[in-house]
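None of the values given here were measured: they were computed from a predicted structure.
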Amino acid sequence: MADEETKSTLEFLYNVSRELASALELRTVLQRILFQSLKYVGGERASIVVLDDNGKAVDSAIVYGRKIHDHTTQQLRETVERGLAGWVVRNRKPAWVPDTSRDERWLRRPDDALDKSGAKAALCVPLMARERLVGVLTLVHPEPGAYNKEHFNLMQAIADLSGIAVLNARLYAESQRQARVMTALAASAAAINASLRMDEVLQRILNETIQALQVETVALALVEANWDLVFHAATGELKEGIVGKRVQAGQGVIGWVAHEGEGVVIPAVRDDKRFVPGEQFDGLDAHAMAVAPIYAQGRVIGILQAINPISGVFDPDALLVLTGIGNLAGSTIQHAQLFERLQAAHKRYRELFDDSVDPILVTSWEGKVHESNRQAAVITEYTSRQLQGMMIDQLHVVTPGDKKIGMEKLKSGKIISYEAVLKNKSGRKIPIQVNVRKVVFEEAESLQWLMRDISERKDLDSLREELTSMIYHDLRSPLANIITSLDVLSTMFPSPENETIQTVTTIARRSTDRIQRLVSSLLDINRLEAGQTIVSQQAVTPALLAEDAIDAVRPMAESRHQMLTGHLSEKLSPVWVDVDMIRRVLINLMENASKFTAPEGKIELGGKQEGEWVQLWVQDNGSGIPFTEQEHIFEKYIRLNGQDNASGLGVGLAFCRLAVNGHGGKIWVESEVGKGSKFILTLPVAKE
């Protein structure tokens with residue numbers, strides 16, 4: 001008899017093991033465990049709940065007789081939390097309940113009432129695998145006391161065989177699910193990143209989402225500056241009424257997702273307190289939805305919304321897939337936005353480039369032409385195709401004074417300007433002003449050459465030069481006669497007997513001195529620009545130079561009620577200069593200061609020694625010079641308009657610069673509008 005029982009037990013264990021070992025899919029394993037339990041132990045119904053490593057119910061199945069009931073996880077979750085199965089899970093011990101009406105662990109439902117199904121018998125055992133709780137198995141018999149010790153032992157034996165089978169099936173299901181998710185995301189990544197056009201990118205995101213989740217409608221909204229959400233694309237049912245819809249910041253489910261940065265699946269939309277009627281799309285009855293944030297560089301830039309799964313409920317992996325696609329979409333959308341801005345900037349640059357009134361060439365660092373605008377083709381008389389490949393030196397000749405183009409300055413981002421002569425195809429020579437700077441062209445560093453036709457300016461300069469020369473030559477002889485005549489008058493009418501005549505002759509002499517200085521300065525400008533060196537130099541003390549200059553300017557300053565002072569120490573070393581030329585430099589600077597200083601203003605001539613150089617300056621408290629004009633004021637024919645709209649030829653400061661530079665020194669200005677100007681120059685100390 002014992003041999004028969006042993007044989008029967010071994011046969012039972014073999015059959016159960018074979019049934020469980022031949023299946024790996026979780027649903028099949030659960031069904032076979034339930035059917036084997038009912039077959040060998042008996043009962044009206046059997047249920048099994050699968051738990052994850054955190055004790056959370058992840059899957060389940062129920063058998064009534066021979067019928068399988070799916071989608072029971074939510075129904076059995078209460079049993080696991082509060083019923084007999086919950087006690088087994090918490091204590092990890094099997095439970096044998098002869099009469100459910102007498103056991104407090106039994107979770108009573110309406111159908112357990114005595115006038116319905118009434119009391120029952122139940123067996124509940126934990127499913128263990130490698131000391132891990134992977135599930136709980138329950139058998140229910142409609143007759144109290146139906147189960148005995150043998151049934152209890154058989155139930156435990158089935159549980160021992162089932163634990164590892166359930167764990168393996170669960171792990172297999174998880175790996176399959178992860179594989180499906182990864183496959184879906186990989187396919188989505190490949191499809192989404194196949195374009196940089198914003199409209200195509202959005203449409204690809206929607207297509208991948210609706211295919212992966214099998215839903216009726218998918219919509220995508222982007223976050224604006226005020227955190228409002230605006231829908232930019234949609235696909236599926238009633239997509240036409242979605243694009244352009246705006247949802248205020250923080251409003252509804254999608255506003256919550258954008259604010260919190262977390263995805264959500266809502267099986268019953270109208271039961272969710274976050275849902276507001278305002279986020280319902282016209283004509284679209286949303287009964288279930290999944291929403292995931294779209295991230296880019298760590299911040300939410302939009303949301304992806306899937307509405308109404310075709311099967312009626314969302315797959316357990318729906319949020320994982322939707323979140324994964326959202327993460328992929330974020331970087332792709334941002335790249336598309338950057339690409340659109342880059343394209344727009346490139347278009348604007350191209351329009352500005354082609355429509356420029358000045359010729360523009362883009363070359364390599366070696367000077368080979370890569371690109372040219374329309375005006376370059378017009379002025380050079382070469383076609384754009386002919387210009388490509390030409391060298392910049394073939395198109396223009398740099399003037400001798402500007403021969404060196406500092407590549408180091410260009411590489412540091414500075415702009416280099418110089419004058420040159422452009423040679424066009426017909427051989428005509430055109431004077432041009434060239435501005436060269438570093439640019440990025442076709443993703444490579446290049447040089448941009450902007451060439452401005454200065455023919456009119458050159459013609460005007462020539463006219464001015466001729467006029468200046470004419471003034472100089474035509475004034476020289478009459479001026480000499482006037483000076484001689486004034487000397488004769490001074491001799492004929494000595495002071496003080498003829499005080500009135502002496503006053504008139506003094507005024508006339510000062511005026512002729514100013515004209516003489518102007519003529520001499522014009523002559524010096526021509527000589528210095530021609531490269532002639534200063535030869536008539538001698539040692540003179542700065543104090544003596546300052547005294548002579550102040551005496552010459554004092555009448556002008558006094559007539560404007562201005563205070564003119566000089567603070568030069570007698571200890572300053574003598575300077576090696578052309579005395580008359582530097583005297584005229586100081587007079588020019590002080591006369592300019594007087595012109596642009598209001599009455600009652602102050603003008604100061606000062607100096608100090610710095611090594612082998614003496615620094616002199618003329619400072620006023622006049623109107624000042626704008627910073628943008630300070631580098632141009634030493635050019636010829638440039639005039640600054642003061643409060644009295646001062647007149648002149650505009651050669652005074654140009655002469656000062658040429659004269660000081662001719663002595664090896666430097667001259668510059670420090671000024672602030674409304675706070676006056678300070679002109680500073682350096683002169684070499686005389687060698688003993």
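- The two residues Pro359 and Gln375 come nearest to each other via the heavy atoms N-CG, 3.7 Å.
- Taking the centre and axis of the six-membered ring of Trp613, the NZ or CZ atom of Lys666 falls outside the cone set by 45° and 6.0 Å.
- Inter-residue side-chain proximity for Val434 and Leu450 is flagged as unmet; no heavy-atom pair is nearer than 4.5 Å.
- In this structure the side chain of Arg583 never reaches within 4.5 angstrom of the side chain of Met581, judged on heavy atoms.
- Contact annotation: the side chain of Pro574 never approaches that of Val540 to less than 4.5 Å [non-hydrogen atoms, C-beta and beyond].
- The main-chain N or O of Asp453 is never found under 3.5 Å from a side-chain atom of Gln433 such that the two would form a donor-acceptor pair.
- Side chains of Leu528 and Thr533 form no contact here, defined as non-hydrogen atoms less than 4.5 Å apart.
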Should Lys411 and Glu445 be marked as a salt bridge (Lys or Arg N to Asp or Glu O under 4.0 Å) after you check the CA-CA gap, both sets of side-chain angles, and the distance that decides it? CA-CA 9 Å; Lys411 289 179 180 178; Glu445 282 193 356; over 6 Å; no
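- Distance check: Ser372 OG to Ile379 CD1 gives 12.5 Å after rounding to the nearest 0.5 Å.
- Between the CH2 atom of Trp227 and the CD atom of Gln248 there is a distance of 15.5 Å, given to the nearest 0.5 Å.
- Between atom CZ of residue Arg554 and atom OG of residue Ser594 there is a gap of 12.5 Å, rounded to the nearest 0.5 Å.
- Between Asn373 and Ala376 the shortest heavy-atom distance is OD1-N, 2.9 Å.
- With sequence neighbours excluded, no residue forms a side chain to side chain donor-acceptor pair (under 3.5 Å) with Thr541.
- A donor-acceptor contact shorter than 3.5 Å is absent between the side chain of Tyr295 and the backbone of Gly302.
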Given side chain to side chain contact (heavy atoms under 4.5 Å, CB included), test Leu564 with Val553 step by step and report yes or no. CA-CA 9 Å; Leu564 180 61; Val553 180; 4.3 Å; yes
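- For the residue pair Met451 and Leu361, the shortest heavy atom distance occurs at CE-CD1, 3.9 Å.
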Could you walk me through whether Trp617 and Leu605 pass the side chain to side chain contact (heavy atoms under 4.5 Å, CB included) test, one step at a time? CA-CA 6 Å; Trp617 64 79; Leu605 175 59; over 6 Å; no
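- The residues Glu419 and Lys458 are annotated as salt-bridged, a charged nitrogen and a carboxylate oxygen being separated by less than 4.0 angstrom.
- Within a 6.0 Å sphere centred on NE2 of His259, other residues, nucleotides and ligands contribute 12 heavy atoms or fewer.
- Remark: Ser677 OG to Phe596 CZ distance equals 9.5 Å, nearest 0.5 Å.
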Would you check, one step at a time, whether the test side chain to side chain contact (heavy atoms under 4.5 Å, CB included) holds for Thr682 with Trp668? CA-CA 9 Å; Thr682 58; Trp668 68 94; 4.2 Å; yes
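- Counting heavy atoms from C-beta on, the side chains of Val440 and Ser446 never come closer than 4.5 Å.
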Please step through side chain to side chain contact (heavy atoms under 4.5 Å, CB included) for the pair Tyr382 and Leu395, ending with a clear verdict. CA-CA 10 Å; Tyr382 291 102; Leu395 297 170; 4.0 Å; yes
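- Annotation for Met391: atom CE counts as buried by contact number, over 12 foreign heavy atoms lying within 6.0 Å.
- Heavy-atom minimum distance, Leu616 versus Pro542: CD2-CB, 4.2 Å.
- Of all heavy-atom pairs spanning Ile430 and Ser455, the tightest one is CG2-OG, 3.6 Å.
- Between Arg428 and Glu381, none of the side-chain N atoms (NZ, or NE/NH1/NH2) sits under 4.0 Å from a carboxylate O, so this pair counts as no salt bridge.
- Put simply, the side chain of Gln630 never gets that close to the backbone of Glu670: no donor and acceptor are under 3.5 Å apart.
- Distance check, rounded to the nearest 0.5 Å: CD of Gln609 to NZ of Lys571 gives 12.0 Å.
- Between Lys687 and Val685, every side-chain heavy-atom pair lies at or beyond the 4.5 Å cut-off.
- Listed for the Gln562 side chain is a donor-acceptor partner under 3.5 Å among the backbone atoms of Thr597.
- Here the side chain of Asn435 pairs no donor or acceptor atom with the backbone of Ser417 at under 3.5 angstrom.
- Salt bridge annotation for Glu600-Arg560: absent, with no cationic side-chain nitrogen under 4.0 angstrom from a carboxylate oxygen.
- A 4.5 Å side-chain heavy-atom check between Ile625 and Phe679 finds at least one atom pair inside the cut-off.
- The shortest side-chain heavy-atom distance between Trp449 and Val369 does not fall under the 4.5 Å cut-off.
- Nearest heavy-atom pair across Gln538 and Val579 is CG-CG2, 3.5 Å.
- Enclosure of atom NZ in Lys602 is not indicated, since only 12 or fewer non-hydrogen atoms of other residues, nucleotides or ligands lie within 6.0 angstrom.
- The 12-atom threshold is exceeded at CZ of Arg457, counting heavy atoms of other residues, nucleotides or ligands nearer than 6.0 Å.
- Remark: the backbone N or O of Pro626 is not paired with any side-chain donor or acceptor of Glu629 at under 3.5 angstrom.
- Summarising the geometry, atom OG1 belonging to Thr380 is positioned 11.5 Å from atom CD belonging to Gln394; distances are rounded to the nearest 0.5 Å.
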